[in-house]
Amino acid sequence: MTSPFTLGWEEWVAFPDLGLPAIKAKVDTGARTSALHASVIEPFGPANKPQVRFLIQPNPDDLSLEFTCSAPIVDRRQVTSSNGETELRYVIATHIKLGERSWPIEVTLTNRENMAYRMLFGRTSIAEDMVVDPNRSFAQPELSFDLYKQLPKRKPVRRPLRIALLTKEPENYSCKRLIEAGEARGHVVEPIDTSRCYMKIGARVSEIHYDGEVLPRFDAVIPRIGPSITSYGLAVLRQFANTGAYCLNEPNAIAASRDKLLAHQMLARERIGMPTTAFANSPKDTKDLISLVGGAPVILKLLQSSQGKGVVLADSRKAAESLVDAFRGLDAHFLLQEFVAEAAGRDTRCFVVGNKVISAIQRQAAEGEFRSNLHRGGTAEAVKLSKEERAVARRAAQTIGLNIAGVDILRTSDGPKVLEVNSSPGLEGIETATSKDIAGQIIQHLEGKVRPLSREAFV
Ligand SMILES: Nc1ncnc2c1ncn2[C@@H]1O[C@H](COP(=O)(O)OP(=O)(O)OP(=O)(O)O)[C@@H](O)[C@H]1O
Ligand SMILES: [Mg+2]
Ligand SMILES: [Mg+2]
């Protein structure tokens with residue numbers, strides 16, 4: 001007769017699914033369920049396939065050894081621990097390996113940092129043919145924490161990220177594509193209505209509230225803040241940053257891109273080519289202002305314009321003067337700009353992700369229109385950029401401080417001239433014209449930027 005598979009009162013175990021080669025466990029037939037020490041326990045994933053992510057420090061004597069693990073949630077259960085306290089715990093399913101044997105078990109996750117053993121081996125995890133010998137310690141082969149040093153240099157595992165998509169319009173093309181691309185790469189992308197967020201700000205706490213609940217911590221946030229709520233949107237974004245989330249575009253950079261005057265000054269400081277631009281505070285200087293940009297025809301632009309809505313062309317000096325008066329009468333802030341006639345209603349949208357121009361389209365204004373915006377009826381086609389154009393687009397995005405940017409340039413005999421740097425460039429025009437997965441490239445870029453979970457981020 002072969003001797004039964006015997007467990008001593010303490011054993012070394014491994015969790016291959018979690019990537020943990022050695023943990024010391026106390027075998028406790030008095031406990032029903034097994035428990036594993038975990039901290040920073042955080043659920044994520046879709047409701048029909050929930051997962052949980054947690055930090056594990058397998059060696060109680062070396063807290064610098066820590067790993068982020070994730071596993072499917074099979075249940076949430078009230079568990080009463082040996083000190084009589086009841087706690088609602090996540091239950092995960094995973095394989096355990098002990099000596100030659102490996103079998104699936106259920107484990108609850110709980111904080112056991114004050115316990116001598118990181119793992120409690122309960123009776124439901126012990127297979128029918130096994131026996132426990134309370135007089136033996138390590139009946140199965142002993143392992144060691146040195147195994148962690150010998151782990152093959154694994155490719156960093158792409159872990160699922162919890163991403164907030166800050167938008168008022170989750171249904172628009174760009175948002176739908178970002179959600180789709182994020183989910184296709186295994187992440188969870190949750191649209192959050194910027195205007196519905198409210199916040200608690202303090203030296204010790206940074207919370208974002210929504211519908212009476214505190215939002216969980218996000219790894220990253222993709223801001224798609226419309227120009228109508230720039231100011232509040234940026235406050236919400238800063239709050240996300242304060243909770244430790246990585247912002248795909250930083251609030252200050254978005255603010256700079258939204259203020260055309262500031263953006264032009266920043267670009268000029270870096271000697272980036274642009275149409276000559278002028279700005280004045282006093283109505284007395286209107287005539288001179290028009291002359292500064294070379295006289296009529298001249299362009300007037302509201303400082304916060306987008307989709308070409310606040311951009312007008314004055315054909316004559318007289319028309320320019322009356323437009324300036326009209327804008328001033330409305331208390332509108334605007335700048336005057338040289339009209340680049342040779343662009344002939346065309347501009348080039350360069351899509352920058354990180355340090356690279358990943359794609360570009362040329363937009364042509366509709367008949368009788370000088371603005372090439374697709375919202376104004378313009379048409380788009382893929383275009384190949386010159387080396388100089390690429391360099392200018394990259395530098396413009398960098399100067400404003402944006403990771404993701406749509407840099408609009410006019411092609412002129414005097415080289416590329418930057419019109420503006422957009423912080424929430426639309427995806428529909430560029431993906432349709434180029435058939436490229438721009439949303440996927442944005443998510444891929446984000447993955448490279450989000451630091452692995454650290455304990456500090458959670459305090
Ligand atoms: N100085 C100029 N000379 C010639 N055409 C211009 C000039 N400025 C703007 N345009 C045209 O008008 C369009 C809109 O201008 P601009 O991009 O500055 O405004 P916008 O409202 O911020 O647009 P969006 O953010 O949607 O791209 C440009 O795409 C370009 O076709
Ligand atoms: Mg714009
Ligand atoms: Mg533009």
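First listed ligand is number 1; within each ligand, the first listed atom is number 1. Keep in mind that this is a model prediction, so the values were computed, not measured.
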K.L.:
With heavy atoms of Ser372 as the reference, note each atom of ligand 1 found under 4.0 Å away.
P.N.:
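The atoms of ligand 1 under 4.0 Å from a heavy atom of Ser372 are 29 (O), 30 (C), 31 (O).
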K.L.:
Check whether any heavy atom of Lys260 sits under 4.0 Å from an atom of ligand 1.
P.N.:
yes
K.L.:
Between the side chains of Thr412 and Asp414, is a donor N or O closer than 3.5 angstrom to an acceptor N or O?
P.N.:
no
K.L.:
Counting only heavy atoms from other residues, nucleotides and ligands, does the tally under 6.0 Å from NE2 of His95 exceed 12?
P.N.:
yes
K.L.:
For Tyr148, check ring-ring contact (aromatic ring centres under 6.0 Å, His included) against everything at least two apart and list the hits.
P.N.:
Phe67
K.L.:
Between ligand 1 and Lys301, is the shortest N or O to N or O distance under 3.5 Å?
P.N.:
yes
K.L.:
Could you list the atoms of ligand 1 found under 4.0 angstrom from a heavy atom of Val311?
P.N.:
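Under 4.0 Å from Val311, ligand 1 has these atoms: 15 (O), 19 (O), 21 (O).
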K.L.:
Closer than 2.8 Å to the Mg ion (ligand 3): does that hold for any N, O or S atom in Asp408?
P.N.:
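An N, O or S atom of Asp408 is closer than 2.8 Å to the Mg ion (ligand 3), so yes.
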K.L.:
Under a 4.0 angstrom heavy-atom cut-off, which atoms of ligand 1 come close to Asp347?
P.N.:
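Listed by number with element: 28 (C), 29 (O).
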K.L.:
By number and element, which atoms of ligand 1 are closer than 4.0 Å to a non-hydrogen atom of Phe339?
P.N.:
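Under 4.0 Å from Phe339, ligand 1 has these atoms: 3 (N), 4 (C).
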K.L.:
Could you identify the N, O or S atom of Glu420 positioned closest to the Mg ion (ligand 3)?
P.N.:
OE2
K.L.:
Run the contact test for Leu313 against ligand 1 with a 4.0 Å cut-off on heavy atoms, strictly below, and give the result.
P.N.:
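Heavy atoms of Leu313 never come under 4.0 Å of ligand 1.
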K.L.:
Who pairs with Asp211 by side chain to side chain donor-acceptor pair (under 3.5 Å), at least two apart in sequence or on another chain?
P.N.:
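By the side chain to side chain donor-acceptor pair (under 3.5 Å) rule, Asp211 matches Arg196.
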K.L.:
Please tell me whether Glu420 and Asn422 have a donor and an acceptor in their side chains that are separated by less than 3.5 angstrom.
P.N.:
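A pair is found: one side chain offers a donor N or O, the other an acceptor, under 3.5 Å apart.
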